[in-house]
Structures are given as structure tokens and as C-alpha cells.
Protein chains: 2
Amino acid sequence: MRVSSKAHYGLRMMTEFAKAYGAGPLSIAEVARIEHLPLAYLEQLASQLRRGGLVESTRGVHGGYALTRPADQISVLNVVTVIEGEVSPVECVSHGYVTGTCQREGECASRGLWMRLKQSIDAVLSQTTLAELVADQSLIDSMAPAPAEASR
Amino acid sequence: MRVSSKAHYGLRMMTEFAKAYGAGPLSIAEVARIEHLPLAYLEQLASQLRRGGLVESTRGVHGGYALTRPADQISVLNVVTVIEGEVSPVECVSHGYVTGTCQREGECASRGLWMRLKQSIDAVLSQTTLAELVADQSLIDSMAPAPAEASR
DNA sequence: ATAATTCTGACCATGACAGTCGGGATTCTC
DNA sequence: GAGAATCCCGACTGTCATGGTCAGAATTAT
């Protein structure tokens, strides 16, 4: 029951795009520098995010990526779904599940449990938007500008 | 974000033990027959469940496994944890996490999110007990004893 | 032209997952 | 005591996802 670091990286990248929203595209080279993540890997993730419709790209010298819509309209669930696929604890509760694929379907007592679990996860992830993550970050930054002298 | 079928198998095995609770040990051969799961694989899982303290074993001819406590005192979270380890979307919110391991800790805005997610998952899984799963199953069975002639 | 960028596909190493196998230890039954 | 049923354990294996790297092509600003 864990989120891949792939998705985690993707989310970090998206928060950088969110911070830069409105100020032109942000290159993944910048993201890699700020977040200390491998550039070549981010390239792949950025492509996925673009194909998923969350960002749009500009090529060439001052190119980069930018969110396709404001940060408060992109949830963490959106990001995770694009990168990891649908959140689903077991196959039989996922969206594209074909009824009858699992022959134990009729007598399966745990399916209700898994559906509750999925709903619960979806709820948490869809309630949080990139805008909130950015806001939280700013708050943290303003509270502790210099970690070594916290009580200043 | 998914539960391994390993954990799923483990849970199915545990519900069988729950059904047999109080009537002597149940062999994994029986479990394999009832649930249509590979016997050799179940052996491994059963060992893990025993080491995790959820079941106790009896060797020899009429041996098998039995829950160490009543089914209403074993949650799904107990089972999943024993088999998959602690439920934790990212390392930095797990129980044994050593403060400072993640150098981005201070400035990490998403940690709060992951903690909420973990709590949400834990809540769902710990609220459901094996006893409830068994009860749900009985309900299902009583409603549809013969699928081909449902209205009898 | 050249430098900065995105875009794409191929490649790779590692580990988890799902499962098998062989054989040993224990205990009941006859 | 022999045999059968059962748990116990470690080793092995094939497949797949993860977490990357790399080389080069396409595009665009300067």
C-alpha cells in the first residue's frame, strides 16, 4: 500500500509548475535543480503529465512546461492517476472492471471493503489541490527561513 | 496504490480460519480446496501469519491453523500489516522513520497529505474485522444459495 | 548557426511478486 | 513401529514494475 516515488516525483514537479504558473513555462532542468531530481527521469514524467493533459509544453530556448489550468483546479488525485493509473486496491473495484472476470464475485465478502478503501483514498487525494500544497510550502518557508536559528 | 494479491490471499485464508474458529485447527489443504488457491503458496503465507502472532499451528495428522483470538478482535489491518508490512504511502510517514533521513523534511509540503492518507487507509482497514467479513459472506450466501435458481 | 529545450524510444539493473519444489520435523492412527 | 497427514523451511525461478540512463531527433529563440 504505497505510492510509487515516480508519482511522488511527479507531484513535486507539479508543485514547481504550480509555483511558476502565470510566469511563462518552467523547464525541467530548473525543476531538476530545485528539487534535486534526475533530469532524464523527469523528462519521462513530464511527457506523461502532458499526455495526461495536466501540463502543456513549449519547445525551444525559453521553453518548458506550464499547467493547463490553475493550481486550485488540479488535485493530487489527478496527478497520481496520470502517473500511476487509477488508484485501486484490487482489480475488481477499478473503473474498467468487467463484471464476471472474477469468478468469486458473487460470494466475495471483501469487495465491499476494497470499495470503501478506494473511496477513502480517492477522497483524501481529490480534496487536496496543488494550490494547497504550494500554500503549505510557503507557510513552512516563512516560518523557518533559517533552520539553524529557529528562535530568531 | 494497490494491495498485493499476497495480502488478499492471506485475508481470504484468515476468513476461512475465522469461520472454523472454535472447531479445532483447519489445514491449509482445506483452505486451498475451498478458496482455490495454490497450496504451496499458502504454506508460506500461513507461516508469516503465525510468526505475526495471528494464528497458531498444530502439527501432525489432524493439525492445521487456528486464530489466536476471536475473529472480532482481528482487523483487516492486522492481516495486511503482517503480510505486507506497515501500510505507508511514503517512507517518511512510516512508524520506524528516523527524523532527518529525508533532507527535504523541513520544507516538504506533501508530508501532511501523506499522513492524512495513511490515517485514512488505516482507519478503513482497522475498522473492519474478520468477524464482519464472515458475517457479510454468510449474508451473501443466504441471499443466493443457488445462483441458477435465484427465486426458489 | 548555435544553444536550449522538448520528444521519443531503447536499454538496463534491481527487487518484488507469485509461485514451485524438495525435503525435514512432528504427531496421530493403526 | 509404520505410515500418513500435516506443518516447517530454505532454495529456486520466471515475470513484471520500478527507477533510472542514454543517444539522438525535432523545435525554437537569439
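Lettering follows sequence order; numbering is per chain, from 1.
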Asker: Looking only at non-hydrogen atoms, find the nearest pair between Y21(B) and L67(B) and report the distance.
Answerer: CE1-O, 3.5 Å
Asker: Below the 4.0 Å mark, does dC7(C) have OP1 or OP2 next to a side-chain nitrogen or oxygen of R50(A)?
Answerer: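 Yes, because at least one side-chain N or O of R50(A) sits under 4.0 Å from OP1 or OP2 of dC7(C).
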Asker: I'd like to know if the side chain of D141(B) pairs up with that of S138(B) as donor and acceptor (distance under 3.5 Å, no hydrogens or angles considered).
Answerer: no
Asker: Mind running a 4.0 Å heavy-atom check of residues 4-36 of chain A against DNA chain C and sending the residues that fall below it, in number order?
Answerer: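 Within residues 4-36 of chain A, the residues near DNA chain C are S27(A), I28(A).
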Asker: Would you kindly give the OH-to-C1' distance between Y65(B) and dT6(D), to the nearest whole Å?
Answerer: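 These atoms are roughly 9 Å apart.
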Asker: Separation of L42(B) atom CG from dT20(C) atom P, in whole Å?
Answerer: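 One finds 10 Å between P of dT20(C) and CG of L42(B), rounded.
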Asker: Should the side chain of Q44(B) and the base of dT20(C) be counted as holding a donor-acceptor pair, with the cut-off at 3.5 Å?
Answerer: yes
Asker: Could you state the OH-C1' distance from Y41(A) to dC11(C), rounded to the nearest angstrom?
Answerer: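 Distance check: Y41(A) OH to dC11(C) C1' gives 15 Å.
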Asker: Tell me whether the side-chain N/O atoms of H62(A) come closer than 4.0 Å to OP1 or OP2 in dT28(D).
Answerer: no
Asker: Does dT6(D) have its OP1 or OP2 closer than 4.0 Å to a side-chain nitrogen or oxygen of S57(B)?
Answerer: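 S57(B) to dT6(D) OP1/OP2: no side-chain N or O under 4.0 Å.
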Asker: If you check the R59(B) side chain, which of dT30(D), dC7(C), dT27(C) turns out closest?
Answerer: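 Ranking dT30(D), dC7(C), dT27(C) by closest atom to the R59(B) side chain puts dT27(C) first.
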Asker: For the pair made of CD1 in I83(B) and C1' in dA18(C), what is the distance, rounded to whole Å?
Answerer: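 From I83(B) CD1 to dA18(C) C1': 13 Å.
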Asker: How many Å lie between CZ on R2(A) and C1' on dG15(C), as a whole number?
Answerer: 11 Å
Asker: Once you round it to whole Å, what is the distance between C1' of dG19(C) and CG of L45(B)?
Answerer: 10 Å
Asker: How about S120(A) and S120(B): does a side-chain donor come under 3.5 Å of a side-chain acceptor?
Answerer: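 Looking only at side-chain atoms, S120(B) and S120(A) do form a donor-acceptor pair, the distance falling under 3.5 Å.
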Asker: Specify the residue among V3(A) and G60(A) whose closest nucleotide of DNA chain D lies further upstream toward the 5′ end.
Answerer: V3(A)
Asker: Pick the closest DNA chain C nucleotide for V61(A) and for V61(B) by heavy atoms, then say which residue is nearer the 5' end.
Answerer: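 Taking each residue's closest nucleotide, the earlier one in sequence belongs to V61(A).
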Asker: Compute whether any side-chain donor of one residue and acceptor of the other, for R116(B) and T128(A), lie under 3.5 angstrom apart.
Answerer: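 Note: R116(B) and T128(A) side chains meet the donor-acceptor criterion.
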Asker: What integer distance in Å separates L39(B):CG from dT20(C):P?
Answerer: 10 Å
Asker: Please report the shortest heavy-atom distance between A18(B) and L130(B), naming the atom on each side.
Answerer: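 Nearest pair, atom of A18(B) first, then L130(B): CB-CB, 4.2 Å.
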Asker: OP1 or OP2 of dT27(C) sitting under 4.0 Å from any side-chain N/O of T58(B)?
Answerer: no
Asker: How long is the line joining CD of E43(A) and P of dG9(C), in whole Å?
Answerer: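 Those two atoms, CD and P, are 13 Å apart.
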Asker: Looking at every heavy atom in both S57(A) and Y65(A), which two are closest together, and how far apart are they?
Answerer: CB-CE2, 3.6 Å
Asker: With no hydrogens and no angle check, just 3.5 Å: does a side-chain donor-acceptor pair link E84(A) and S4(A)?
Answerer: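 The criterion, which ignores hydrogens and geometry beyond distance, is satisfied for S4(A) and E84(A).
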